[in-house]
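Remember, it's a predicted structure, so these values are computed and weren't measured experimentally.
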Amino acid sequence: MNTIMMQHCLFKDGYFHTMDSETECYGYMGVTDGRISYLGDTRPGGYFHECSLEGRHVFPSLIDSHLHLLYTMVLQANSCVICEIRDGRVVPDTLAGVRQKIEEVCKAHRNKEIIVANQYIVSGIREGRMPSRQELDQWTDGRKIVLYNIDGHSSSMSTALMKELEIYQEGHDGILAGKDHEFIQGKVMETIGKAVTPKVLARGVANFTNLCIQYGIGAVCALDGSGDVPEDKLTRMLAKIASHMDIGVRLYPQFMDLTQAERYRRYQSTPRIGGCGVWEMDGSVGSHSAAFYSPYRDTGAQGECYYTQEQVNEMLRKADEAGYQISSHAIGEAAIDRILDGYAGFQPRRMHRIDHFEFPTSEAVRRICGSNNLAVTVQPGFSWIDRHYLKSYEQYLPEALVQQQVPLRTLVEHGVCVCGSSDSPVQEINPFDQMLGMIDFYLPEESLTMYQALCTYTKNPAVMLGEERDLGTLEVGKRANFLVSDQNLLELDRHTIGNVQIRQLYLDGKVCKRKKGSVAEFLAMMAGPGHKI
């Protein structure tokens with residue numbers, strides 16, 4: 001089917017679910033110049049070409065509202081995975097097994113400047129800890145290595161890497177959590193970035209694009225950058241690459257310095273800022289750095305907020321006045337309250353977002369249900385995996401806190417703009433993993449229907465982004481961004497959601513084609529016209 005024909009095409013023999021309501025569905029959809037020009041059950045005339053979907057189902061393309069694009073593309077293309085879940089258990093589950101895996105990686109990659117190891121599951125390791133600097137030195141024969149816990153909020157580093165980052169201290173065990181971990185990630189990425197070649201970038205863009213096609217994802221919110229590196233050349237490189245990618249990217253530079261963030265406004269369709277990094281109010285449960293009012297049950301230590309209330313108030317007010325939409329990471333109840341208190345001090349000029357919102361108090365739930373200018377970005381798939389495999393919540397938190405997880409159904413029924421996301425590379429980008437966590441939630445009474453879960457990946461993030469006139473539902477006049485599936489996604493349940501087959505992803509009425517990952521392909525992409533992100 002040539003491009004000219006696709007500009008004026010009637011799609012037929014399918015089920016076109018608009019997502020405007022749970023039941024609205026049509027038999028025909030027309031596309032003209034990249035936008036939907038017809039929806040109805042009567043076959044219209046005047047279309048140059050017709051495309052039969054052979055009884056398949058069409059939905060708006062999905063939007064992942066929180067991931068880290070640079071990490072996802074570069075780290076996934078140039079790193080190794082340590083722990084996996086096989087047959088219902090974590091493998092390897094001992095430090096001896098981890099050592100064997102790392103030694104195998106070092107042997108296979110003798111010339112790598114730095115070993116980047118992801119997906120270490122500390123709660124699934126029998127010893128219940130990360131390997132020390134001294135152990136990593138021994139296992140790698142003194143090479144540079146960083147090993148990330150699965151939640152991305154703690155790490156273990158070798159002596160050589162700590163010295164390069166200028167954070168080495170005699171007697172330090174190399175295990176970093178809290179501020180010590182969070183606020184040096186720019187320097188870590190700079191070090192990793194020295195090994196990034198055009199070949200790595202080409203493979204990373206291709207892998208990411210192909211995954212989005214596989215899962216029907218047409219757009220992502222990319223939370224990237226780190227305030228500890230003033231220049232942050234990698235993030236500037238990412239912005240240029242993202243402005244040429246097929247998949248729509250909405251960039252949230254993770255800089256608190258508004259002057260630093262200002263450099264990216266020329267790339268952005270709407271000014272956005274924040275996410276994780278220096279915009280984190282706290283860490284995570286698995287790294288014992290989420291901020292709660294009570295101590296962790298296994299250590300007796302208490303997580304703390306990274307910023308005072310006064311600092312948070314000033315951060316939010318200044319960014320709002322400068323015209324930015326703000327994203328702020330908050331997992332523990334104390335961190336969530338700190339953000340809510342910050343917004344209570346002034347009248348926001350636009351919708352902002354609280355990311356994770358994982359353990360709110362009942363009062364915090366009441367407050368956000370009464371707000372019309374705060375969206376919540378969640379990852380219930382992580383909670384689902386934790387309940388079944390990781391067990392970090394039940395190991396580390398008092399039972400009352402485990403039962404205090406974000407009440408999804410309550411938020412949705414009170415009209416809160418709840419958006420789904422993967423937090424990749426913390427989890428795979430697969431949106432149906434997150435929807436499984438929504439329809440089979442840790443707290444059964446707060447589970448969502450399949451329609452509600454799909455809304456968190458379609459119409460809700462479009463509203464959050466302020467792009468509901470273009471994205472989120474199938475409506476005449478909107479961009480023809482849609483997925484084609486063998487299954488009716490609205491009929492999925494916890495037993496069938498893992499078997500979804502997305503046949504095609506269309507962006508602006510054209511099939512999004514899989515990439516090969518060659519340098520020539522990457523250079524050709526970059527030579528084309530850029531677009532806003």
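A distance-only check finds no donor-acceptor pair linking the side chain of Gln325 to the backbone of Leu465 [under 3.5 Å]. Remark: the backbone N or O of Lys240 is paired with a side-chain donor or acceptor of Ser243 at under 3.5 angstrom. Using modelled atom types, one side-chain atom of Ser123 and one backbone atom of Leu390 make a donor-acceptor pair closer than 3.5 Å. No side-chain donor-acceptor contact under 3.5 Å links Glu280 to the backbone of Glu182. When atom types are taken as modelled, the side chain of Glu468 and the backbone of Gly472 share no donor-acceptor pair closer than 3.5 angstrom. Asp282 contributes a side-chain N or O that, together with a main-chain N or O of Gly332, makes up a donor-acceptor pair within less than 3.5 Å. Between the side chain of Asp173 and the main chain of Ser132, no donor-acceptor pair closer than 3.5 Å is present. A donor-acceptor pair under 3.5 Å is formed between the side chain of Arg353 and the backbone N or O of Ser65.
Side chain to side chain, Glu333 and Gln404 meet the donor-acceptor criterion of an N or O pair below 3.5 Å. Under 3.5 Å, the side chains of Asp64 and Ser421 contain no donor-acceptor pair of N or O atoms. Side-chain polar atoms of Thr410 and Glu446 form a donor-acceptor pair below 3.5 angstrom.
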Please determine whether salt bridge (charged side-chain N to carboxylate O under 4.0 Å, His left out) holds for the pair Arg263 and Asp257, giving the CA-CA distance in whole Å, both sets of side-chain angles, and the decisive distance to 0.1 Å. CA-CA 11 Å; Arg263 299 170 184 165; Asp257 182 343; over 6 Å; no

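The salt bridge (charged side-chain N to carboxylate O under 4.0 Å, His left out) search around Arg250 returns Glu467, not counting sequence neighbours. Not counting sequence neighbours, the partners of Pro348 by the side chain to side chain contact (heavy atoms under 4.5 Å, CB included) test are Asp320, Tyr343, Phe346, His352, Asn373. Residues satisfying the ring-ring contact (aromatic ring centres under 6.0 Å, His included) test with His388, not counting sequence neighbours, are Trp384. Partners of Asp180 by salt bridge (charged side-chain N to carboxylate O under 4.0 Å, His left out), not counting sequence neighbours: none found. By the salt bridge (charged side-chain N to carboxylate O under 4.0 Å, His left out) test, Lys318 pairs with Glu314, sequence neighbours left out. Every residue meeting the ring-ring contact (aromatic ring centres under 6.0 Å, His included) condition with His288, not counting sequence neighbours, appears here in chain and number order: Tyr296, Tyr396. Here Phe183 pairs with Lys179, Val278, Tyr306, Tyr307 under the side chain to side chain contact (heavy atoms under 4.5 Å, CB included) rule; sequence neighbours left out. Partners of His68 by ring-ring contact (aromatic ring centres under 6.0 Å, His included), not counting sequence neighbours, listed by chain and number: His66.
Once rounded to the nearest 0.5 Å, the distance linking SG of Cys80 with CG of Leu147 reads 8.0 Å.
Pairs of residues two or more places apart, or lying in two chains, that qualify as salt bridge (Lys or Arg N to Asp or Glu O under 4.0 Å) and include a residue from residues 156-172 are Lys144-Glu164, Glu164-Lys194. Counting only residues at least two apart or in different chains, ring pair (Phe, Tyr, Trp, His ring centres under 6.0 Å) contacts with residues 249-268 comprise Phe255-Tyr264. The list of side chain to side chain donor-acceptor pair (under 3.5 Å) pairs with a residue in residues 209-221, not counting sequence neighbours, is empty. Residues in residues 291-308 take part in no salt bridge (Lys or Arg N to Asp or Glu O under 4.0 Å) pair, two or more places apart or across chains.
Salt bridge annotation for Lys187-Glu190: absent, with no cationic side-chain nitrogen under 4.0 angstrom from a carboxylate oxygen. For Asp246 and Lys515, the salt-bridge test passes: some basic side-chain N is under 4.0 Å from an acidic carboxylate O.
At least one side-chain heavy atom of Cys106 sits under 4.5 Å from a side-chain heavy atom of Ile115.
Closest of all the heavy-atom pairs between His153 and Ser284 is CB-OG, 3.4 Å. Contact between Tyr148 and Met130 at its shortest, heavy atoms only, is C-CE, 4.2 Å.
Shown here is Lys532, whose NZ atom has more than 12 heavy atoms of other residues, nucleotides or ligands within 6.0 Å. For CD of Gln311, the number of neighbouring non-hydrogen atoms (other residues, nucleotides, ligands) closer than 6.0 Å is greater than 12.
Both cation-pi conditions hold for Arg265 and Tyr324: the charged atom is under 6.0 angstrom from the six-membered ring centre and inside a 45 degree cone around its axis.
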